[in-house]
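Indexing begins at 1, ligand by ligand and atom by atom, following the structure's order. All values reported here derive from a predicted model rather than from experimental measurement.
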Amino acid sequence: MQSTAPAPSAEDIRDVIAPLTALEGPMLPMLHAIQAVWGHVPQAAVPVLADVLNLGRAEVHGVISFYHDFRDHPAGRQVLKICRAEACQSVGGNAVASETMARLGVDWHGTTADGAVTVEPVYCLGLCACGPAAMLDGRVLGRVDADRLVLELGVSA
Ligand code: FES
């Protein structure tokens, strides 16, 4: 489930990252902490991180955009990641993904119109022996098909 907290102020962001300032290489832990609270990394975080870490805003932005795990806008209330890597492909993962997305009416990185579900690709979940694999809000699912995924999501599709 993603956070529904309101857009944060610079002060809110400082409060979240303050406990992490003593870490070596604190930017990634800070970004994870911010995303854990607000469900994404809001634009307001860039100048705050640049200031706290004594970096340029472009450097901070570059790190956020390099790592796919960080999103710059809120996701749906549930995030479904479907594996697109080789082992899952060999057991029909692509067809599972296509059927699931068709039933939800979204494409990769899309969110259903009611904001219920965002579907994202993932490139191996370490469940290669029990593919097709997926992950729903951090919970891994093996040997999935579209029926199972739709059922797990609890949506009508
Ligand atoms: S290839 Fe899909 S879990 Fe490894």
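Considering all non-hydrogen atoms of both residues, Cys88 and Pro132 come closest at SG-CA, 4.0 Å.
In this structure, the side chain of Gln89 does not engage the main chain of Asn94 through any donor-acceptor pair within 3.5 Å.
Under the 4.5 Å side-chain criterion, counting only non-hydrogen atoms from C-beta, Met30 is in contact with Leu53.
Applying the side-chain contact (heavy atoms from CB on, under 4.5 Å) test to His68 and every residue at least two apart in sequence or in another chain returns nothing.
Counting only distances under 2.8 Å, and ignoring water, the protein N, O or S atoms around atom 4 (Fe) of ligand 1 are Cys124 SG, Cys128 SG.
In this structure, Arg103 pairs ionically with Asp147, as a charged nitrogen and a carboxylate oxygen lie closer than 4.0 Å.
Residue Leu49 holds its CG atom at 12.5 Å from CG of Asn54, rounded to the nearest 0.5 Å.
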